[in-house]
Amino acid sequence: MNKSVMAAALMALGMAATSGTLLADNHGEQAKVEMEKCSGIVKAGMNECGANGHACAGQAKEDNTAGEWIKMPKGTCEKITGGVVLSEDKKAM
């Protein structure tokens, strides 16, 4: 799978989880998905929040920069090569 397709798939997964449509329980009700900050895998312009000298989402200048992060379903980040989970109390680098 090429990098563009992989990036699109990861973003789709993240957006689905964030919107709460990823999981449902046995009664059709949406289950709350635990999320965590994942850095080191973000494509340029796809970050979620300020880091590395800028204050806004979507301003990452390079791919896979340490400190640039996106929220992903808990446990997903560790499975991606280069993914580093940022603790909630740790500020982005």
Side-chain angles (χ1 to χ4, degrees):
M1 187 180 307
N2 71 33
K3 290 182 182 181
S4 296
V5 174
M6 180 64 87
L10 288 173
M11 289 305 297
L13 176 64
M15 284 190 241
T18 302
S19 70
T21 59
L22 188 60
L23 299 175
D25 66 13
N26 291 338
H27 303 289
E29 296 178 20
Q30 293 182 0
K32 184 174 180 176
V33 177
E34 287 188 64
M35 304 295 282
E36 61 191 2
K37 291 180 182 180
C38 184
S39 74
I41 64 165
V42 181
K43 296 296 179 190
M46 304 298 275
N47 61 303
E48 287 199 27
C49 199
N52 298 333
H54 60 79
C56 296
Q59 292 187 350
K61 294 188 183 346
E62 296 179 16
D63 292 349
N64 307 325
T65 304
E68 301 290 359
W69 57 270
I70 57 173
K71 284 198 174 185
M72 301 189 76
K74 192 169 187 164
T76 304
C77 183
E78 297 169 331
K79 296 176 184 177
I80 300 170
T81 302
V84 176
V85 176
L86 298 177
S87 63
E88 289 300 317
D89 58 341
K90 181 179 178 183
K91 291 185 179 185
M93 299 175 201

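Model, not experiment: these values are computed from the prediction. For reference, positions follow the sequence shown, starting with 1.
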For V85 and K37: C-alpha separation, side-chain torsions, deciding distance, then whether side-chain contact (heavy atoms from CB on, under 4.5 Å) applies.
CA-CA 6 Å; V85 176; K37 291 180 182 180; over 6 Å; no
I'd like to know whether M72 forms a side-chain contact (heavy atoms from CB on, under 4.5 Å) with I80, so could you lay out the CA-CA distance, the side-chain angles of the two residues, the decisive distance to 0.1 Å, and finally the verdict.
CA-CA 11 Å; M72 301 189 76; I80 300 170; 3.7 Å; yes
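Side-chain contact between P73 and E34: absent, with no pair of heavy atoms (C-beta onward) separated by less than 4.5 Å.
When every heavy atom of S39 is checked against every heavy atom of G67, the shortest pair comes out as CB-N, 3.9 Å. The shortest non-hydrogen separation linking A44 to D63 is N-OD1, 2.7 Å. When all heavy atoms are compared, the tightest approach of C38 to G83 is SG-CA, 4.0 Å.
Proximity of a side-chain donor or acceptor of N47 to a complementary backbone N or O of E68 within less than 3.5 Å is not detected. E36 places no side-chain N or O within 3.5 Å of a backbone atom of L86 that could act as its donor or acceptor partner.
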